Q: 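If you scroll down you'll find the structure; I have some questions about it.
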Amino acid sequence: LLSGIIYFTYALKPDKKEIAAKTEFDDIRNYIDACLKKTAEEGAYFISLQGGYYQVPDPGLPFSFIKVPYYWGIDNSNMPEKEAIEKELSKYIENFLPACIDNFAAFKEAGFKIEYNKPQFNSKIAEKDVVIGMDFPVKVYTGTGFNEFSKFTALISINLNQKLDYVRQIIEEQKKDADSIPIGFL
């Protein structure tokens, strides 16, 4: 009995190098997850300020550090569709995520060798939040092992769907009388 306890205690004990490597890899994965979430949140708020656009098309009104698009003008609506807003958010993340990742400089200074390809994004405005999917092939080499990641997801707690519905309702009211502003409806 004693020999069985000793055997299971030492034979099934996880290897310290294996635990260290897993922790190191988890740190890198958590770093990528945090950068994706931070950048996606910033992007969701920025495009919200700019009426659903990362890059506002003309005509637009410059205001402080943003540009406000015209949604209604001379009997036509210029409001972007949900799919267009999702693409704008993906563009924002694509442009700003590299600054957060910073070429994995902190990890490379710590001795990691990291290879990666350009990420691809898929933003989805869901019923009550925004879901960001990222395909980002990353290979990590350490003194204790190798690992690779590719799929990442971030959930942003902002109800853009509801806000889009409000704006659509305002535009519908505007269409009823194009020469007035539906202040009572607001």
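All values reported here derive from a predicted model rather than from experimental measurement. Scope of the values below: all heavy atoms of this structure, side chains included, with no hydrogens, waters or symmetry mates.
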Q: Minimum heavy-atom separation for Thr142 and Phe25, please, with both atom names.
A: CG2-CE2, 3.8 Å
Q: Would you say Ile125 and Ser123 make side-chain contact, with heavy atoms under 4.5 Å?
A: no
Q: Using a strict 4.0 Å threshold on nitrogen-to-oxygen distance, state whether Lys38 and Glu42 make a salt bridge.
A: yes
Q: Where do Phe63 and Val68 come nearest, in terms of heavy atoms and distance?
A: CB-CG2, 4.2 Å
Q: Does Lys37 use its side chain to pair, donor to acceptor, with the backbone of Ile156 at less than 3.5 Å?
A: no
Q: Check whether any side-chain heavy atom of Val140 sits under 4.5 Å from a side-chain heavy atom of Arg29, and report yes or no.
A: no
Q: Calculate, to the nearest 0.5 Å, the distance between atoms CG and CG belonging to Asp165 and Asn159 respectively.
A: 8.5 Å
Q: Any chance you could measure Gln55, atom CD, to Asn95, atom CG, to the nearest 0.5 Å?
A: 7.0 Å
Q: Which value, rounded to the nearest 0.5 Å, describes the distance between Leu36 atom CG and Glu41 atom CD?
A: 10.0 Å
Q: Between Phe136 and Phe149, is the ring centre distance below 6.0 Å?
A: no
Q: Give a yes-or-no answer on whether the side chains of Tyr92 and Glu88 include a donor-acceptor pair shorter than 3.5 Å.
A: no
Q: For Lys128 and Asn161, run side-chain contact (heavy atoms from CB on, under 4.5 Å): C-alpha distance rounded to whole Å, both residues' side-chain angles, the deciding distance at 0.1 Å, then the answer.
A: CA-CA 7 Å; Lys128 294 188 178 195; Asn161 204 37; over 6 Å; no
Q: Between Lys108 and Asp102, does at least one N-O distance fall below 4.0 Å, as a salt bridge requires?
A: no
Q: Flag the pair Val131 / Thr153 as yes when at least one side-chain heavy-atom distance between them is below 4.5 Å, and no otherwise.
A: yes
Q: What's the spacing between Ile85 CD1 and Leu164 CG if we round to 0.5 Å?
A: 4.5 Å
Q: Thinking salt bridges, do Lys87 and Glu83 make one under a 4.0 Å N-O criterion?
A: no
Q: Minimum heavy-atom separation for Gly51 to Pro69, with atom names?
A: CA-CG, 4.0 Å
Q: Go through the steps for Met134 and Leu97 under the test side-chain contact (heavy atoms from CB on, under 4.5 Å), then give the verdict.
A: CA-CA 11 Å; Met134 178 174 71; Leu97 183 74; 3.5 Å; yes
Q: Which atoms form the tightest heavy-atom contact between Tyr31 and Cys100, and what is the distance?
A: OH-O, 2.9 Å
Q: Would you say Glu115 and Glu148 make side-chain contact, with heavy atoms under 4.5 Å?
A: no
Q: Looking at every non-hydrogen atom in both residues, tell me the closest pair between Ser157 and Tyr45 and how far apart they are.
A: O-OH, 4.4 Å
Q: If we check side-chain hydrogen bond (donor to acceptor under 3.5 Å, both in side chains) with Tyr166, which of these qualifies: Lys163, Gln162, Arg168?
A: Gln162
Q: Atom NZ in Lys139, atom CG in Asn147: separation rounded to 0.5 Å?
A: 12.0 Å
Q: Is there a path of hydrophobic side-chain contacts, each under 4.5 Å between heavy atoms, that joins Ile158 and Ile132?
A: yes
Q: Looking at side-chain heavy atoms only, is the closest gap between Tyr54 and Phe96 below 4.5 Å?
A: yes
Q: So do Lys67 and Asp58 actually touch side chain to side chain, heavy atoms under 4.5 Å?
A: yes
Q: Within a radius of less than 6.0 Å around NZ of Lys82, do more than 12 heavy atoms belonging to other residues, nucleotides or ligands occur?
A: yes
Q: How many angstroms lie between atom CZ of Phe104 and atom NZ of Lys113, to the nearest 0.5 angstrom?
A: 14.5 Å
Q: Check step by step if side-chain contact (heavy atoms from CB on, under 4.5 Å) holds for Leu89 and Phe121.
A: CA-CA 9 Å; Leu89 178 56; Phe121 302 94; over 6 Å; no
Q: Is there a donor-acceptor contact under 3.5 Å from the side chain of Gln50 to the main chain of Tyr53?
A: yes
